[in-house]
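Ligands are counted one by one from 1 in listed order, and the atoms in each one are counted from 1 as well.
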Amino acid sequence: GNQVVDREVDSVCPFCGVGCLLTYQVKDEKIVSVTGRDGPANHNRLCVKGRFGFDYVEHAQRLTKPLIRKAGVPKDSHEISKPGHWSEVFREASWEEALMLAAGKLSSLKAQYGNKVLAGFGSAKGTNEEAYLFQKLVRIGFGSNNVDHCTRLCHASSVAALLEGVGSGAVSNQVNDVEHAGLIIVIGSNPTANHPVAATWMKNAAKNGTKIVLMDPRITDIGKYAWRTMQFKPDTDVALLNAMLFTIVEEGLVDQEFIEKRASNFEALRENVKNYSPEKMALICGVSASVIREVARAYATSKASMILWGMGVSQHVHGTDNARCLIALASVTGQVGKPGSGLHPLRGQNNVQGASDAGLIPMMFPNYQRVTDDSARAWFENFWASPLDKDPGYTVVEIMHQILADDSDPHKIRGMYIMGENPAMSDPDLNHARHALASLEHLVVQDIFMTETAWLADVVLPASAWPEKTGTASNTDRMVQMGRRALNPPGDAKPDLWIIQQIAQRMGLNWNYAGAESGVAAVYEEMRQAMHTVISGISWERLELESSVTYPCLTADDPGQPTVFIEHFDTKDGRVHLVPADIVPAHERPDEEFPFVLITGRQLEHWHTGSMTRRATVLDAIEPIATVSMHGEDIAKLGIEAGAVVTVQSRRGEVAIHVRRDDGTPVGAIFIPFAYYEAAANLMTNAALDPFGKIPEFKYCAVRVIVG
Ligand code: SF4
């Protein structure tokens, strides 16, 4: 510790799903430095975001007063990209006035048009307690299940496949477990940028002899450590993975005993993969048959093999099919249910696992209890002492469509409460999404900055940044971890948990969670009861002492279960359910007019829509401008040089952007991070959805590149 600081506060990183534990050093009510703690996911390590990503909390643009839209100022969805210039549009208000207006208008829309006309987006950047309370407010106060969050844009398809296949959406093995693996497949993931400390465990394992196989259309940093790289053509995941399954079946590499005892539907899978020989699929996916066969053999026969995947797998109209193939691969080879094996969808945000567990999703109550299941609904009706809607709610992208539904539609969304999400940057086809948000009769946004979404609000409620509140978050490894308040929020900004309760009270709910930090411990304990089959052994007091506990954890002395599915899967019959998948092409293919494929994603220094990291001095200094990554051959073909400004255009929108040379990007494709409001990648993306997970196709749409 630094002797000149006033105090040190132990907490957890607010950025990615790795969930590094850290300590803030506070002096004169500012975080002056951050150091890594010996947490189970990080063992003192931090990445550049965790070390240098915190001065956004003291940025001059922090919202410090409730704001109300000035009378007569129209919502212009094309005028939102001007941070700091909002005073022409909003006036400051007292909390009482802002809360009365926010809750009063939501209530009156419900009274006038019925229970289905309101919706809420919570956030995977908030705490478990905020997520839990927010979804409860929507289900009871709003009266429908129209509640969702950015998991819909992230791993919704992976979770759909996992719930169907293995009965649980969470990871089977923790990242650290790569040290016990003989081989790991990293597919559709750029861990060095997006899960940097997790990537260090992979690199350490490689040093000790673990074979890394990188499967990705983009060859990223982790490729330097890979035993084999398989640069398959964008959109051909199912072709490649089925060819591996073909090899495993044909060459007798399946684990018969495992399949007989623990799997169902293998016959159908085997029949289906007969159509996918590596020799045929090589022409489609661009990876040679010999490499496909070699990797399939190595995966099946290593002592333990693990699959880690990211949004490159999930963000397709066939995202669920992609994940089904991964589940099949692990299951037919018996590479699941033991250390160093299994299935690990790398969670993006710090609390996307926890927010989903807490029920921030439209088809499920907390703990993945389906709203359509009569006994689950009866349990929650009793637990919350309130009637509940039996219809699943709309998902993120569906809500944008429902806002623009016909006036006669009783399910037309007319009012929304958005807490900590920024759909005006993160949704696909932004011109459409922004128009929808601007068309709402009433929009309440709760955030720490005037985000692109807040710009379109009627009421803006100033909230707390991560270091300004206490609460828990659940990382990609199923670790529930304690975040602690180090600072007070600026001005009149308030803790989110307090704001949710104030809105609830003004919508007629008698909520008042007593205790410090807006009653966070009481909310956690209620959530623990709702999730008693998973976290009953993790009390608030235990978290205060231990900071991090892995679930499932059922008793106070249970250390938690790092590997699951050892004896059985979480499905009804205890078996993994295999689901065959066939090739489904991307919704929008390149053509003569729009010849390039656009792939969107993230980069190391900037977090998602950039509202925090672009206001963090060091991070913004490292990556100050938006760039489009292109292969050197494509740059040469266009007759330009790296650094030139081009216009990238799809059928839906366009941006002007600097060219960056990156020969890891495949020829014919380009890559743009979605963090930059001035060159918002999602103006161009396609809102077509995977039919199961309802996730949009962020990883594939057709664009052209215009020089000059
Ligand atoms: Fe934070 Fe993730 Fe970096 Fe760890 S790896 S410091 S959790 S952003």
Side-chain angles (χ1 to χ4, degrees), residues 9-25 31 33-57 123-128 150 154-155 171 174-178 186 189-205 220-222 308 310-311 344-355 465-467 471-484 486 547-548 550 601-620 622-623 673-675:
V9 180
D10 288 344
S11 190
V12 55
C13 177
F15 292 107
C16 89
V18 174
C20 298
L21 297 192
L22 50 73
T23 302
Y24 308 115
Q25 282 86 37
I31 293 173
S33 58
V34 176
T35 47
R37 262 201 300 158
D38 192 11
N42 66 313
H43 294 288
N44 301 307
R45 301 171 185 191
L46 292 177
C47 80
V48 68
K49 289 189 287 286
R51 281 184 64 78
F52 299 112
F54 284 93
D55 62 343
Y56 73 89
V57 303
S123 173
K125 293 231 67 59
T127 64
N128 282 323
C150 55
C154 171
H155 265 307
V171 301
Q174 300 181 323
V175 173
N176 272 331
D177 219 18
V178 294
V186 177
S189 164
N190 178 5
T192 309
N194 301 322
H195 303 84
V197 169
T200 67
W201 300 119
M202 300 176 201
K203 294 172 189 177
N204 293 162
T220 57
D221 175 77
I222 199 78
L308 300 110
M311 256 107 275
H344 190 119
L346 283 155
R347 294 310 165 110
Q349 305 236 40
N350 64 327
N351 198 33
V352 68
Q353 180 65 55
W466 186 259
T472 65
S474 304
N475 76 350
T476 189
D477 286 331
R478 296 182 263 104
M479 295 166 184
V480 185
Q481 311 199 103
M482 181 67 89
R484 294 183 181 85
S547 284
S548 172
T550 292
R602 291 171 289 172
Q603 63 188 137
L604 173 62
E605 294 79 4
H606 288 306
W607 188 251
H608 285 209
T609 70
S611 56
M612 301 189 311
T613 52
R614 295 204 69 208
R615 294 177 174 99
T617 316
V618 170
L619 301 177
D620 190 52
I622 302 174
E623 284 288 352
F674 65 95

Which of parallel (below 30°), tilted (30 to 60°) and perpendicular (above 60°) describes F674 and H608? tilted
Verdict with reasoning, V34 to F52, per side chain to side chain contact (heavy atoms under 4.5 Å, CB included): CA-CA 8 Å; V34 176; F52 299 112; over 6 Å; no
Is the H195 to W201 ring centre distance short of 6.0 Å? no
Kindly say whether M479 contributes a backbone atom to a donor-acceptor pair with the side chain of S548 at under 3.5 angstrom? no
Report the protein N/O/S neighbours of atom 3 (Fe) of ligand 1 that fall below 2.8 Å; do not count waters. C47 SG
My understanding is that only residues two or more places apart in sequence, or in another chain, count here; which of them pass ring pair (Phe, Tyr, Trp, His ring centres under 6.0 Å) with H606? Y676
Do you see a donor-acceptor pair shorter than 3.5 Å between the side chains of S474 and Q353? no
Per-atom filter on ligand 1: closer than 4.0 angstrom to a heavy atom of G19 are 7 (S)
